[in-house]
Amino acid sequence: MNYWLMKSEPDEYSIDDLRTAPNQTEMWHGIRNYQARNFIRDDLRIGDLIFYYHSSCKVPGVVGIAEVTSEAFPDPTQFNPESPFYDPKSTTETPRWMSIDIRFVEKFEDVIPLTLIKSKPHLANMYLVSKGSRLSVQPVTAEEWQAVLMLKR
DNA sequence: GCCAACGTTGGC
DNA sequence: GCCAACGTTGGC
């Protein structure tokens, strides 16, 4: 089993939105970055666990855990001209972008702030805190997973 | 709102 | 294939 971190702007889709969604499950759509797409398509597996990360908000940080509940499938929003994620260059024969279903697992009592993660020397190699880190889907090692969980209050 | 860092696009 | 221009991300 592998560990991941996924970013979401809470104004767009927060962990509470996931928690209160039907079946506590959401189709994770709108990824339009090739590296993130490759992770979704090639590496995410059912049962993998995800740190749910809130970005572009007052206290950016890890707010909970989700779980992968499907294999990758073509992101339907890429075919919808009405969607902000519409990609006219993508076809159903050769879809460019992939989605995956994720399910709510846990919401932490308190956010684990990015600033706290950054302050820990043993987490200095996490992709999240590396310079210019922008990937919205990124791998987390088992060691990092445990170390971040240790920061829960 | 600023801006550094990074990704993508497209002319050549 | 290079690289300038542009767009996006996301912390601050």
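Order of the sequence lines fixes the chain letters, A, B, ..., with proteins taken first and strands second; residue numbering starts at 1 for each chain. Being a predicted model, the structure only gives us computed values, none of them experimental.
Distance CZ (A/R37) to C1' (B/dT8): 14 Å, rounded to an integer number of Å. Taking atom CG on A/L128 and atom P on C/dT9, their separation rounds to 16 Å, with Å as the unit. Look at NZ on A/K131: it is 11 Å from C1' on B/dC6, rounded to the nearest Å. Atom P of nucleotide B/dC6 and atom CD of A/Q35 are separated by 12 Å, given to the nearest angstrom. One atom, CG of A/D11, and another, C1' of C/dG11, lie 15 Å apart when rounded to the nearest Å. C/dG10 atom P lies 12 Å from atom CD of A/E12, rounded to whole Å. The distance between atom CG of A/D87 and atom P of B/dT9, rounded to the nearest whole Å, is 9 Å. The OH-C1' distance, from A/Y34 to B/dC6, rounds to 16 Å in whole Å.
Of the side-chain N and O atoms in A/Y53, none sit less than 4.0 angstrom from OP1 or OP2 of C/dT9.
Residues A/I117 and A/E144 fail the side-chain proximity criterion, which asks for heavy atoms closer than 4.5 Å. When side chains are defined from C-beta on, A/F39 counts as touching A/L44, because their heavy atoms get closer than 4.5 Å.
No hydrogens or angles considered: nothing links the side chains of A/S133 and A/S130 as a donor-acceptor pair under 3.5 Å.
Counting only heavy atoms from C-beta on, A/R134 has its side chain closest to B/dA5 among B/dT8, B/dT9, B/dA5. Residue A/K89 has its side chain nearest to B/dG10 when only B/dT8, C/dG11, B/dG10 are considered. You'll find that the side chain of A/K7 is closest to C/dG10, out of B/dC6, B/dG10, C/dG10.
Looking at heavy-atom distances under 4.0 Å, A/K118 makes contact with sugar-phosphate atoms alone, never a base.
Not less than 6.0 angstrom separates the ring centroid of A/F79 from the ring centroid of A/W97.
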